[in-house]
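Here the structure is laid out as structure tokens; the discussion comes afterwards.
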Amino acid sequence: MEKRLLRLTFSFFILFSLFGQRFLYAQEISFLHSIKVHVWAELDAYPGLAEAQDTSSGQWDYPVNRIREVTPFLINGMVYGWNFSYTPYDKQRNVKEILEITPISELSAKDGKIVYEKPWIQDNKLHCWATFERSQELQWLFQKWTSINTEKIQGRGKGKISQGFDGITDAARNALKEAIRSHYRALEKNKPKEICGKVIIRREPRIGIAEGQYMVELDFFLETDRIIKYAIY
């Protein structure tokens with residue numbers, strides 16, 4: 001019995017280690033009252049970036065600045081969300097796939113501050129916890145998403161490490177694109193001309209590195225505003 005328990009414990013440790021190397025999961029928390037996200041940045045800039053050539057910066061300037069760029073972008077997606085306009089790829093009409101996103105609203109001083117705490121160094125990265133407390137107004141805003149007739153969608157996207165911060169935003173954009181594409185492909189028999197709507201991130205983002213690229217996995221609430229179809233002659 002003890003040997004079997006030891007084998008199970010060892011197997012669980014190996015499984016956790018393998019998944020931990022691929023994605024960094026944030027702590028399971030309720031998003032209604034507060035947001036707590038595990039964020040990280042590489043200690044050294046990618047050789048092709050301008051930051052890598054800056055010899056005047058301090059030892060921690062690059063990872064701290066990266067964390068302060070990425071975190072507000074992600075938390076804004078969890079607090080207010082994004083408007084989107086999606087044009088599906090259509091080979092017959094020679095139409096390229098296009099996704100345009102804009103913030104529904106931007107975080108401001110009145111919304112509160114993002115607090116960065118408990119930093120540590122691991123695997124040549126600076127890690128920390130980023131927390132944001134929702135005001136009563138923002139809690140009510142998020143509750144609206146959970147109470148109205150919204151869909152739940154999920155997507156995974158990649159972005160180039162060589163692009164720095166833009167690589168993570170590209171990966172997030174591609175995750176949203178995949179989520180939208182998969183959802184409406186199952187609903188619409190014929191490709192529409194354009195789909196417009198809103199999304200908000202409903203769970204902690206998963207950010208990792210796979211195959212030399214950033215990998216971002218996101219879960220959303222989705223609200224469809226309109227679906228524009230091609231005219232039939």
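If you read the sequence from its start, that first residue is 1, and numbering goes on from there. Keep in mind it's a predicted model, so treat the numbers as computed, not measured.
Residues passing the ring-ring contact (aromatic ring centres under 6.0 Å, His included) test with Phe73 are Trp82, sequence neighbours excluded. Every residue two or more places apart in sequence or in another chain was checked for a salt bridge (charged side-chain N to carboxylate O under 4.0 Å, His left out) with Asp166, and none qualifies. With sequence neighbours excluded, the residues forming a side-chain contact (heavy atoms from CB on, under 4.5 Å) with Asn124 are Leu43, Asp44, listed by chain and number. Take Lys193 and apply the salt bridge (charged side-chain N to carboxylate O under 4.0 Å, His left out) test, not counting sequence neighbours, and it matches no residue. The side-chain contact (heavy atoms from CB on, under 4.5 Å) search around Gln92 returns Asp90, not counting sequence neighbours. The side-chain contact (heavy atoms from CB on, under 4.5 Å) test applied to Val64 returns Trp60, Arg68, Leu126, not counting sequence neighbours. With sequence neighbours excluded, the residues that form a side-chain contact (heavy atoms from CB on, under 4.5 Å) with Thr146 are Phe142, Gln143, Phe221. Arg181 is linked by a salt bridge (charged side-chain N to carboxylate O under 4.0 Å, His left out) to Glu97, counting only residues two or more places apart in sequence or in another chain. Gln139 is linked by a side chain to side chain donor-acceptor pair (under 3.5 Å) to His33, counting only residues two or more places apart in sequence or in another chain. Taking the side chain to side chain donor-acceptor pair (under 3.5 Å) definition, one finds that Asp219 meets it with Gln154, Arg206, sequence neighbours left out. When the salt bridge (charged side-chain N to carboxylate O under 4.0 Å, His left out) test is applied to Glu137, no partner is found at least two apart in sequence or on another chain.
Applying the salt bridge (Lys or Arg N to Asp or Glu O under 4.0 Å) test to every pair with at least one member in residues 170-179, sequence neighbours left out, gives no pairs at all.
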